Every structure is written in structure tokens, then in C-alpha cells.
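The shown structure was predicted, so the numbers you read here are calculated from the model rather than taken from an experiment.
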Amino acid sequence: MIALRRALRPVHRWVGLTAGLVVVWMALTGIFLVFRKQLEVPQAPELYTVPACTNRVPIDTLATNGVKAYPQGKLDYVRIRTGRDGAARIPATAFRFTDEMFVYLNPCTGEVLGLRHRWGGPFGFVEQLHRFRFMPRGNLIVGTSALLLGLVLVIGGLVLWWPGSWRGVRRALAWNAPRPAAGPAKDISLHRLVGPYVAVIVLFSVLTGLPQSFDWYRKSVYWLTGSTPPGHLPASHEVAPGTPRLPVETIWQKVQATVPPSREVLIHYPQHADDAVEIYSIGKDAPHPNARTLMTVDAFTGETLDFTPYAQTSLGHKLYFWTLSAHMGYVGGWIGQLLLLLGAIGVPWLGYTGIRDR
């Protein structure tokens, strides 16, 4: 153990001074994103919400208005949110284009409320910085730095911290233990006290964030759970050339008749001639905002080609989409968000106090 610590200490320090800078950047931007779900809509209510109504404009009419507002784009999907029962305002309907531009429309009148890129607005901009999406292959920078954080700074840091016995652990984690009054010695003492607590939160954040950076990690979630990764979508049945696709409003009506009441439905527009329509639905009783029921519909006949309620999806599917929600603070309510906030604040603080350990 002594030899391992002697070898690990300079690695721990130099990774902290290199990849650690990226990690601190992600932590600082993550602080701003922790409460995004509570703050984003109030920040721009005129874009994201409209007064409640009973009658809605057909989806295809909304799509036509959206394309007129952004004619250079190609439709990717439409996100339909129902809102809370009895609420005075309901969510706008959002059309995403393949270049990640969103057009928001009033589902009651068809009016275009505004356009915003995925990385637009204060929260979109900070998310872009957080995920290094402002540069090519930025996900690899984020993912590699997160791996180094988890392996060297967190796990390696715990190895360096280990006091040698479980009795020593209890003493090391005691907040009322005597500590130096000031100076670098005090900072180092606090680093060793707070580090293990922050390490647990940060390691959790790393493990739930890596699926968004690496395909191999995402596939390993399915492999470890003995689940089959998502395959190619079934194709629509062959039809006579020139046969038009069904209106999306017809698909939407079928979804409403098939899927239990949903708080959010996402309908993809087929990108190729024989593509089926892929649909994600989040039930009103879903355990988290990414608990997806999966549905695929023939784009020409409306036949259901595949339907898998969330409860019947594989363990790998459930675990993967749970990690997405957990990483964004959508699991555990206010307590989960508060823990993520403390972890994000703790990263730069540990970086500073760690530098004092010379």
C-alpha cells in the first residue's frame, strides 16, 4: 500500500492540474444547470408556455407554420407536452429541425412563439459549455476527463486518503475532530475531511454522465444487464411509388388511443423513404422524465409495428435512461438536486485545497 500511494500521489496531482481543469470547468457550469428544470420556463414563459385551452390546432398545421418560420430547416421531431391538469398555462409545442433549431408554437392557435437553437438561451449556452459542444469531438474531451476524474482523482484520491482501518475512517470523517487553526495545514485537513463525501457524489455524477460521451460505455450498460441494445427500426411496408405518408395528426391520434395518458410525446419525422415513425412517450405516472414507452408506426398505413410500454422494457433500457435523468438532477427531487449542487461546488474547492498539499 505504501508503494502504491507513493506512485499514485504524483499521478493524482498532475491529473488534477491538467484534466482537472476541464473537470472544474464542467463543475462550475454544472452548478448553473442543476436547477434548470425549475428555472428555464420562468426565465422565458412567453416562449415555452401559452394560456390553457380545450381545442388544439392539428399537428400538421403547426408543422406548416413552423416550416414557414424556419424554411431552411428539415423537420426532425415534434415534442408535444400536455402540462398539469387544471393549470392556467400549458407548454408550447416544439418542433426540432435536424440542425438543432427549435420552433415553438401555440398549440391552441398555431401562432409561432419564437425560435431558439438547442444551444441558445442562458441554459442552452451553459449546457453547450458544460458538454464542450462548441468544438469538434468535444464529447471525447468531456468523457476522457470524466474517466480520469473517476479513476485517478476520485478512486485514487480515496486510496491516498485511506487511514488504514475502519476505526480510522470513522475518526477521519468526524467533523468535530481537532484541526489546524489556519494556513495550508488547515486547507489540507479540510481537503481530507470533505473529499470522501464529495467523492461519492462526483463518482455518481461521472458514472451517470459517461453514457452521453462514449458509445462503448452506453453499450456496456446493456451488456452488464444482459439486455439487447436498441437495433434498427422496422421499416414501413412497401407501397406504390408516390403514396403519401399519413398526416402526423393521424399518428398523434393513434398514439393517444394506444398509450396511457402521457405528459410528453415525441414523434420523429421519417428521414428516408421507407422509414417508420418512431415515437417516445413519457407517461404521467413515469418515475422520471426519461422513462420512455417505445412505439413504432408504419408511416403509410398507421399499423403498429412495435409497442413496448416502459414497464416492459429491458433492464438495460431502464438503467440507461435512468442515468440520463439522474445526471441532470431529475431523480431524487430537491434532495437529489441539492446533493448534485454540493458535489459540483466541492470539485473546485477540492482542487484549490488539493494544490495546497505540497
Side-chain angles (χ1 to χ4, degrees), residues 47-85 87 89-116 233-284 286 292-310:
L47 182 65
Y48 295 120
T49 66
V50 299
C53 63
T54 54
N55 297 317
R56 298 196 176 207
V57 174
I59 301 298
D60 300 279
T61 302
L62 295 175
T64 298
N65 294 347
V67 171
K68 287 180 180 178
Y70 191 65
Q72 65 271 40
K74 182 180 181 181
L75 286 170
D76 184 8
Y77 63 72
V78 56
R79 175 179 283 125
I80 307 162
R81 289 176 170 149
T82 57
R84 297 190 307 273
D85 295 338
R89 297 182 71 85
I90 60 175
T93 298
F95 287 84
R96 171 172 150 150
F97 292 78
T98 54
D99 62 356
E100 300 187 304
M101 178 65 77
F102 284 85
V103 177
Y104 295 88
L105 295 103
N106 186 326
C108 306
T109 65
E111 175 192 2
V112 174
L113 302 175
L115 287 73
R116 177 169 284 182
L233 291 175
S236 294
H237 296 309
E238 187 174 350
V239 295
T243 303
R245 294 190 179 103
L246 290 173
V248 176
E249 179 65 24
T250 302
I251 304 294
W252 168 231
Q253 296 297 331
K254 181 178 180 66
V255 172
Q256 291 180 292
T258 306
V259 179
S262 303
R263 62 187 181 193
E264 179 179 327
V265 173
L266 191 150
I267 303 175
H268 280 274
Y269 282 83
Q271 300 299 309
H272 302 96
D274 63 345
D275 281 355
V277 180
E278 184 181 17
I279 302 154
Y280 300 146
S281 174
I282 312 297
K284 288 191 174 183
R292 297 179 175 182
T293 287
L294 309 177
M295 186 175 181
T296 308
V297 174
D298 189 296
F300 300 98
T301 68
E303 176 188 349
T304 300
L305 303 177
D306 181 64
F307 175 60
T308 309
Y310 174 74

Looking at [X] and [Y], what are the two nearest heavy atoms and their distance?
X	Y	result
I90	P107	CD1-CG, 4.2 Å
P270	A276	CG-O, 3.9 Å
A52	A87	CB-O, 3.4 Å
G66	L105	N-CD2, 3.9 Å
F300	T243	CE2-O, 3.2 Å
H237	D298	N-OD2, 2.6 Å

Problem set entry | Greater than 12 external heavy atoms within 6.0 Å of R89's CZ |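 Counting neighbours around CZ of R89, more than 12 heavy atoms of other residues, nucleotides or ligands fall under 6.0 Å, so yes.
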Problem set entry | Greater than 12 external heavy atoms within 6.0 Å of Q72's CD |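 Above 12, so yes.
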Would you say that [X] contacts [Y] through its side chain, given a criterion of any heavy-atom pair below 4.5 Å between the two side chains?
X	Y	answer
T49	P91	no
W252	V265	yes
D274	E238	no
T308	T293	no
L305	E303	yes
M295	V255	yes
K74	Q271	yes
T296	F307	no

Do [X] side-chain atoms and [Y] backbone N/O form a donor-acceptor pair below 3.5 Å?
X	Y	answer
T304	D306	no
T64	D60	yes
S262	P260	yes
R81	E264	no
N106	E111	no

Exercise. Measuring from I279:CD1 to K254:NZ, what's the distance to the nearest 0.5 Å?
Worked result: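 Rounded to the nearest 0.5 Å, the CD1-NZ separation comes to 9.0 Å.
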For this session: Quick one: do K284 and D85 satisfy salt bridge (charged side-chain N to carboxylate O under 4.0 Å, His left out)? Show the steps, please.
Result: CA-CA 10 Å; K284 288 191 174 183; D85 295 338; 3.1 Å; yes
Exercise. Can Y269 and R245 be counted as having a side-chain donor-acceptor contact under 3.5 angstrom?
Worked result: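 Side chains of Y269 and R245: no pair found under 3.5 Å.
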Exercise. When you measure from the centre of the six-membered ring of Y77, is the NZ or CZ of R96 under 6.0 Å away and within 45° of the axis?
Worked result: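 Cation-pi check for R96 and Y77: fails.
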Exercise. Can you list the steps and then say if R79 with Y104 is a side chain to side chain donor-acceptor pair (under 3.5 Å)?
Worked result: CA-CA 10 Å; R79 175 179 283 125; Y104 295 88; over 6 Å; no
Problem set entry | Full working for side-chain contact (heavy atoms from CB on, under 4.5 Å) between I282 and R292 | CA-CA 5 Å; I282 312 297; R292 297 179 175 182; 3.6 Å; yes
For this session: Apply side-chain contact (heavy atoms from CB on, under 4.5 Å) to the pair V277 and I267, showing each step before the final yes or no.
Result: CA-CA 7 Å; V277 180; I267 303 175; 3.6 Å; yes
Exercise. Is the Y70 to F97 ring centre distance short of 6.0 Å?
Worked result: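 Ring-ring flag for Y70/F97: true, centres closer than 6.0 Å.
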